Number of protein chains: 2
Amino acid sequence: MGEIQRPGALYQQVAAEIRSGISTGEYTPGAPLPSEAQLIDRYRVSRPTVRKAIAALRAEGLIEVIHGKGSYVRAVPAPAVTIERTITRSGKTFRTGHHQWQQAEAPTVYRTTTTATTGPLLELAEGEALFAVDRLLTDPDTETRALHRILIPFATADQVKQLAEAPDTEPEQIYALLTKAGHTLTWHETVSARMPLPDERTALHTPDATPIIHTTRTTHGNDQHPLILEELRAGADRTQLAYHITADSPRTLHTV
Amino acid sequence: MGEIQRPGALYQQVAAEIRSGISTGEYTPGAPLPSEAQLIDRYRVSRPTVRKAIAALRAEGLIEVIHGKGSYVRAVPAPAVTIERTITRSGKTFRTGHHQWQQAEAPTVYRTTTTATTGPLLELAEGEALFAVDRLLTDPDTETRALHRILIPFATADQVKQLAEAPDTEPEQIYALLTKAGHTLTWHETVSARMPLPDERTALHTPDATPIIHTTRTTHGNDQHPLILEELRAGADRTQLAYHITADSPRTLHTV
DNA sequence: ACTCTCAACTCGTAAGTACGAGTGACGTCA
DNA sequence: TGACGTCACTCGTACTTACGAGTTGAGAGT
């Protein structure tokens, strides 16, 4: 299979060659790629060039490299965990494939203040006092991890005494408490993705070149004012979000 | 500022040095880093070492490098576009911050077949015939781009004649057509994130080290059978998804 | 005053060489 | 038989040298 004939930089050509080898099934998920030395022979290029090609494939998340062993084709990341958001129409509830997190450690409870990011979301000025609860969640079956944070403004804790006394109330019960306090709840949730910071990589055990999914949810009460703010961060290699939506007219869900 | 004294590989030490320079404000967003030659002098290392350090910072999304000019500290990317999904309760519709895409080019219409990925989502066997419509969408204000794909099984096109005649019907009208054909629609939407493939990077103009958000939506008709499948891919640096949810009881939205 | 060319700067690619460090298998020795 | 060490193989880091290619500004020429 001698030299190569493709456009662009040499290392890009080698990378493209390997890439197509993966897509044609020459290299199957889990299988090792040829070693650097073999790739050097195969494509008649220098070692730095081979290594740049491999680095490019790593950055794309296509392969995984283990020091002393070799490079392996990464399995297509079929998400191990699907986080479900089920929205119902007019009282009829249905849930599919509900996934249950477990708490790996005791929650971390502390006090903090609103920042330039969290303040506007809670419709509070910067520097307002909050309770914060951090949890490391795990799915024992798949070893999947997620970071969950709840921010509770003092104003909300004043309304719901139990939140002031025990901010680390199980997340499952908080919505019930807010409802019990007389609120009809609505939620605003945003989903974004980015590369993890070093400490997030450590906590979530994400491999190279895998982004994290970051969701931010505000829960609103009767006066449409935000009551609490939740953040969920999870590795995108193992986690996806699912939304099940029933609407009353096709105009209520935007196309595209 | 001579040599360096930090743990780990040399290039990691240089990268950490520059990283802390960014966080201390020595290098502010938009400002140029010292040139490679200057960094070589400053830290007394070779050019490959400096370049590896710079490559690491690029992979983290911290800096941007322009050929022939220099390396620049990247500004924190506030998403320019929010894609809204508005779910309503019992007939009352409300929309906030609606964002409108424009089509950059004529849609690409072609025929294809179900794959191992798309087959199960459409509840069809592998190899079933489909219409496919690819669109490159842009937001002219922010130069944000997105890739949209609609897959229409022949069975659905048979039910709705206009889809068979013109699969490239505007996406905004497809839901209306399906409703007109007698369907009450529900949607299942999943959100995942991953690093872009080279052709996606080209099409979406994403900078280094920015993932893409990938959403997959199936539209279901009266018998809960999938009618069409839509995919939307957008750069996570400029795009986030927002879900506005009104439910009837707190038990209908899962905590966490 | 304007335009064009060129030189000097920037980063990008490619080669060659050397050595360090992790992994696993084989063989020796107790 | 079992434990250990060695060796061959893998990838990781680092230096040197060389040239290509994009960007910019200064200077010469018109």
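None of these values were measured; they are calculated from a predicted model. Chain naming here is simple, since letters A, B, ... match the order of the sequence lines and numbering starts at 1 in each.
For the pair Lys69(B) NZ and dC9(C) C1', the computed distance is 13 Å after rounding to whole Å. Rounded to an integer number of Å, the gap from OH of Tyr43(B) to P of dA14(D) is 15 Å. Residue Ile40(B) contributes atom CD1, which lies 13 Å from atom C1' of dA14(D) at whole-angstrom precision. Rounded to whole Å, atom P of dG16(C) lies 15 Å from atom CD of Glu36(A). Rounded to whole Å, the distance from OH on Tyr11(B) to C1' on dG20(C) is 14 Å. Between the C1' atom of dG22(D) and the CD atom of Glu64(B) lies a distance of 16 Å, rounded to the nearest Å. Rounded to an integer number of Å, the gap from CD of Gln13(B) to C1' of dT13(D) is 12 Å.
Distances were taken from every side-chain heavy atom of Ala9(B) (C-beta onward) to each of dG12(D), dT13(D), dC11(C); the shortest belongs to dT13(D). Nearest nucleotide to the side chain of Ser71(A), out of dA15(C), dC11(D), dC11(C): dC11(D). Comparing dA15(C), dG12(C), dC11(C) by their nearest atom to the side chain of Thr49(A) picks out dA15(C). Ranking dC15(D), dT10(C), dT10(D) by closeness to the Ser35(A) side chain, first place goes to dT10(D). Proximity note for His67(A) (side chain, C-beta onward) versus dA21(D), dG12(D), dA15(C): the nearest is dG12(D). Between dA15(C), dC15(D), dC11(C), one nucleotide has an atom nearer to the side chain of Leu10(A) than all others, and that is dA15(C).
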Test log, rule salt bridge (Lys or Arg N to Asp or Glu O under 4.0 Å), inputs Arg19(B) and Glu26(B): CA-CA 10 Å; Arg19(B) 228 181 264 118; Glu26(B) 183 181 350; over 6 Å; no
Step-by-step side-chain contact (heavy atoms from CB on, under 4.5 Å) determination, Tyr110(A) to Asp134(A): CA-CA 9 Å; Tyr110(A) 55 99; Asp134(A) 284 356; 3.1 Å; yes
Intermediate values then yes/no, salt bridge (Lys or Arg N to Asp or Glu O under 4.0 Å), Arg58(B) and Glu64(B): CA-CA 6 Å; Arg58(B) 289 174 73 164; Glu64(B) 183 173 4; over 6 Å; no
Salt bridge (Lys or Arg N to Asp or Glu O under 4.0 Å) evaluation trace for Glu200(B) with Arg233(B): CA-CA 9 Å; Glu200(B) 292 171 326; Arg233(B) 289 166 289 171; 2.8 Å; yes
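Each of Pro48(B) and Lys52(B) was matched to the nucleotide of DNA chain D holding its nearest heavy atom; the match closer to the 5' end belongs to Lys52(B). Both Arg47(B) and Ala37(A) lie close to DNA chain D; mapped to their nearest nucleotides by heavy-atom distance, the more 5′-ward contact belongs to Ala37(A).
Put simply, Arg51(B) has no side-chain N or O that comes within less than 4.0 Å of OP1 or OP2 on dC15(D).
Among the protein residues, Ser46(A) comes within range of the nucleic acid bases, having at least one heavy atom under 4.0 Å from a base atom. Residue contacts for Ile54(B): at a heavy-atom cut-off of 4.0 Å it reaches no nucleic acid atom on any strand shown.
In this structure a side-chain-to-backbone donor-acceptor pair under 3.5 Å is missing from Thr239(A) to Ala236(A).
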